[in-house]
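To keep things clear, I will list the structure first and then write my remarks on it.
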Amino acid sequence: MNKNEKFVITINRELGSGGRTVGEILAKKLQVPFYDKAVIKALQREYHLSVADIESLKGRKHNWWADFKRAMGLSDIMGQPRFYKPTINQEPDLLTTDEIFKSETEILTAIADDESCVIAGRSGFSILADHPNHLSILIQASMEHRIERVMKRQSRSREDAIEVIKKVDEMRENYVKHYTGKSRYDTRNYDLVISMDGKTEEQVADLILAFIG
């Protein structure tokens with residue numbers, strides 16, 4: 001990946017690994033926007049971006065995302081990129097429909113075509129696999145690391161944390177397999193695989209920057 005040209009970094013991560021936080025830190029260090037699935041869902045919900053709406057926007061102008069950002073006040077402020085972040089800190093509902101997935105695919109493709117960015121989740125590793133300047137990352141952690149982090153961040157008991165992790169792991173894997181035909185655990189889908197054990201989010205973001213060069 002060449003960071004001096006328009007690029008996209010996709011981060012797939014396990015719940016409780018800290019991968020989303022790594023993505024946010026990395027985006028800030030690179031001075032590019034950060035997007036995750038909660039942000040994409042919020043855009044769909046707030047601006048009613050159905051597949052039909054997106055097709056209509058695309059029909060009017062090829063780079064519809066840039067026009068959409070300007071119209072909705074989402075574009076850069078004083079030359080500084082916005083860091084898009086949902087206001088809630090709960091795991092979003094992972095249930096979706098074919099229509100929603102299609103609109104998400106169109107949104108992610110348009111974002112990557114328009115600007116350099118970091119994207120966490122949403123099957124970006126597969127949707128953007130053919131992007132000419134794409135770095136695909138998987139961030140994992142041991143079960144104990146994940147349990148402790150979920151307990152702390154979501155104020156859950158150990159038993160609840162384990163149950164949530166297992167449920168989300170299954171739902172995410174089913175989601176990815178259903179819509180991409182791939183497994184999110186297949187390391188062949190990624191350029192870089194990192195374990196969070198013994199590392200801080202800041203350290204991992206710096207490791208990624210060193211890998212990029």
Side-chain angles (χ1 to χ4, degrees), residues 8-24 34-45 49-52 54 84-86 88-112 117-131 134-151 153-154 156-197 204:
V8 59
I9 298 173
T10 56
I11 297 178
N12 209 347
R13 75 272 188 247
E14 294 181 310
L15 178 66
S17 67
R20 181 163 139 190
T21 302
V22 170
E24 293 175 350
F34 170 79
Y35 300 91
D36 71 358
K37 61 178 174 291
V39 173
I40 301 303
K41 281 183 175 290
L43 287 171
Q44 291 172 311
R45 182 172 57 251
L49 291 178
S50 68
V51 173
I54 292 172
Y84 307 103
K85 187 175 181 180
I88 56 174
N89 193 32
Q90 299 296 322
E91 184 67 20
D93 184 3
L94 294 175
L95 297 177
T96 190
T97 66
D98 290 351
E99 179 79 3
I100 291 175
F101 179 77
K102 288 177 183 177
S103 68
E104 288 174 350
T105 298
E106 294 287 359
I107 291 170
L108 290 182
T109 301
I111 289 171
C117 58
V118 176
I119 298 173
R122 296 327 289 172
S123 302
F125 76 91
S126 179
I127 292 171
L128 300 172
D130 294 329
H131 189 284
H134 171 214
L135 177 67
S136 181
I137 301 170
L138 174 63
I139 295 181
Q140 299 177 310
S142 66
M143 181 58 75
E144 192 58 37
H145 178 105
R146 298 170 68 194
I147 292 169
E148 290 181 5
R149 196 170 191 277
V150 170
M151 287 173 62
R153 292 179 67 88
Q154 298 188 15
R156 293 179 180 272
S157 67
R158 182 178 180 85
E159 292 73 20
D160 284 347
I162 293 172
E163 183 178 350
V164 168
I165 289 170
K166 289 181 177 178
K167 180 179 179 180
V168 171
D169 280 353
E170 182 180 2
M171 292 175 71
R172 285 182 175 174
E173 176 70 353
N174 289 342
Y175 173 92
V176 170
K177 280 187 174 180
H178 178 75
Y179 287 106
T180 72
K182 302 174 183 178
S183 169
R184 59 196 294 267
Y185 299 109
D186 188 343
T187 57
R188 291 173 295 183
N189 293 320
Y190 308 99
D191 302 302
L192 184 62
V193 179
I194 300 175
S195 170
M196 289 294 299
D197 289 67
V204 171

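Values reported hereafter were calculated over all heavy atoms of this structure, with side chains retained and with hydrogens, waters and symmetry mates removed.
- Of the possible donor and acceptor atoms, one in the side chain of S157 sits under 3.5 Å from a partner among the backbone N and O of D160.
- To the nearest 0.5 angstrom, I162 atom CD1 is 4.0 Å from I147 atom CD1.
- Between G16 and R149, the closest heavy-atom pair is O-CD, 3.1 Å.
- Annotation: the span from I194 atom CD1 to S17 atom OG amounts to 10.5 Å, rounded to 0.5 Å.
- Closest approach of R158 and E144 over heavy atoms only: NH2-OE1, 2.8 Å.
- Rounding to the nearest 0.5 angstrom, the gap separating the CE atom in M171 from the CG atom in N174 is 8.5 Å.
- In this structure, Y35 and V8 have side chains that are not in contact, with every pair of non-hydrogen atoms separated by 4.5 Å or more.
- The shortest heavy-atom contact between T109 and T105 is OG1-O, 2.8 Å.
- Panel note: side chain R184, backbone R13; a donor-acceptor pair is recorded below 3.5 Å.
- Interatomic distance, S183 OG to E173 CD, rounded to the nearest 0.5 Å: 3.5 Å.
- You'll find the side chain of T21 reaches within 4.5 Å of the side chain of R153, heavy atoms only.
- Between the side chain of E14 and the backbone N or O of A141 there is at least one donor-acceptor pair closer than 3.5 Å.
- Once rounded to the nearest 0.5 Å, the distance linking CD1 of I127 with CD of E106 reads 10.0 Å.
- Distance check: I9 CD1 to L135 CG gives 5.5 Å after rounding to the nearest 0.5 Å.
- Within 6.0 Å of CD on E163 lie no more than 12 heavy atoms contributed by other residues, nucleotides or ligands.
- Nearest approach of L128 to L108, heavy atoms of both residues: CD2-O, 4.0 Å.
- The minimum heavy-atom distance between M151 and A161, with the atom names listed, is CG-CB, 3.6 Å.
- In this structure, H131 and H134 have perpendicular ring planes: the angle between them is above 60°, well past the 30° mark.
- Without hydrogens or angle criteria, S136 side chain to N189 main chain gives a donor-acceptor distance under 3.5 Å.
- Side-chain contact between Y185 and R172: absent, with no pair of heavy atoms (C-beta onward) separated by less than 4.5 Å.
- Side-chain contact between F125 and L138: absent, with no pair of heavy atoms (C-beta onward) separated by less than 4.5 Å.
- Considering all non-hydrogen atoms of both residues, V176 and S123 come closest at CG2-OG, 3.8 Å.
- In this structure, E24 and R20 have side chains that are in contact, with non-hydrogen atoms separated by less than 4.5 Å.
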